[in-house]
Amino acid sequence: MPVIANNFDLPFNIIRCSYGILGVKDLDASKKFYTEAIGLIETETTADAAYLRCLEERQHHSFVLQKSDEAIVYGLGFKVSKEADLDALKKHFKKLDLPTRWVKRYAQGRTLATHTPHGIPLEFYFEMNKEPRILQKYGLYRGCSPQRFDHINCFTYDLQGSYEFFTQELGFKLTEYTASEDKDEMLACWMHRKGTVHDMALTNGFGPRLHHLAVFVPNALDIIHLCDVMATTGYVDNIERGPGRHGISNAFFLYVLDPDGHRLEIYTSDYLTVDPDLEPIRWNFLDKQRQTLWGAPAPRSWFEHGTAFEGVEIQEPYLKNQPIIAK
Ligand SMILES: [Fe+2]
């Protein structure tokens, strides 16, 4: 069986996923996309980066758009419960023989960077500058009214190994997974820390690469409205997949590509997962309703396109299973 028991016995507490740092070639164009079309709030723009946040977030940033020559990803951030967790994590990674370094991140306190054994870069922090909550400033709502950063999805070449690292070594809890019927091999998984379906999802494929970052929105109509906004403001070709409802997670979704090809999911209506004895839901890899409850398969680009992490080599996946792809 690919599923193993969750590990609750770790000397640190990762609260949730918190931010992504995206390399963008044209800062003004990217900022326009994320603020005017999607509806993120601009906290601050420096000489080489824009710091954006969602409507309910009281932290300085959840999206960092970093001026870059390439469309690459610089970092994925997670919040921990207290400063001492950072030292406990550093000790833990040393025991696992994983390199760590303290990185300077604008508007954040101490930030510990490492990577998974399969190359996914991870950053951990406790302190970040506080900002006013925009949630009840309805006059500032735009696009899909993004409420909060919801999750990260990455391609990995070793799905089982990456799943075991996140659950056994970082304390993530499995909520749903996809497995092949014939060989009982795991091909995708959804794991959480904060009590929703996921903070981190993994997809089998050429990796490590970022598949997407996701924002949570109040309801499905906000997603429909974003389709109308994008279709009439020059972004019609940036709509990649949806809107629809996933079988996995039950989420109502839309996938869009930003001007550099970084994928963003607009996401709502998943469910509570805090019970420690929650049984993970298994999906058959060839069940078309796992992708989309209504039966429509995803386009080829959704399975193949992703963005690379800075300086990380991309490897061929161990498993070669072919998903159902739209004709
Ligand atoms: Fe997602």
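Whatever order the structure lists them in is the order used to number ligands and atoms, beginning at 1.
Under the side chain to side chain contact (heavy atoms under 4.5 Å, CB included) test applied with I120, the options V73, L202, V312 reduce to a single match, L202. Exactly one residue among F253, W283, Y267 makes a ring pair (Phe, Tyr, Trp, His ring centres under 6.0 Å) with H246. That residue is F253. When K130, Q108, R53, E44 are each tested for a side chain to side chain donor-acceptor pair (under 3.5 Å) with H60, only one passes: E44.
Here H198 does not reach the Fe ion (ligand 1): none of its N/O/S atoms is less than 2.8 Å from the metal.
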- Does the salt bridge (charged side-chain N to carboxylate O under 4.0 Å, His left out) test come out yes or no for K32 and D26, once each step is laid out? CA-CA 10 Å; K32 184 168 184 264; D26 182 336; over 6 Å; no
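Within E265, the N, O or S atom at minimum distance from the Fe ion (ligand 1) carries the name OE1. Taking the N/O/S atoms of H151 in turn, the shortest distance to the Fe ion (ligand 1) belongs to NE2.
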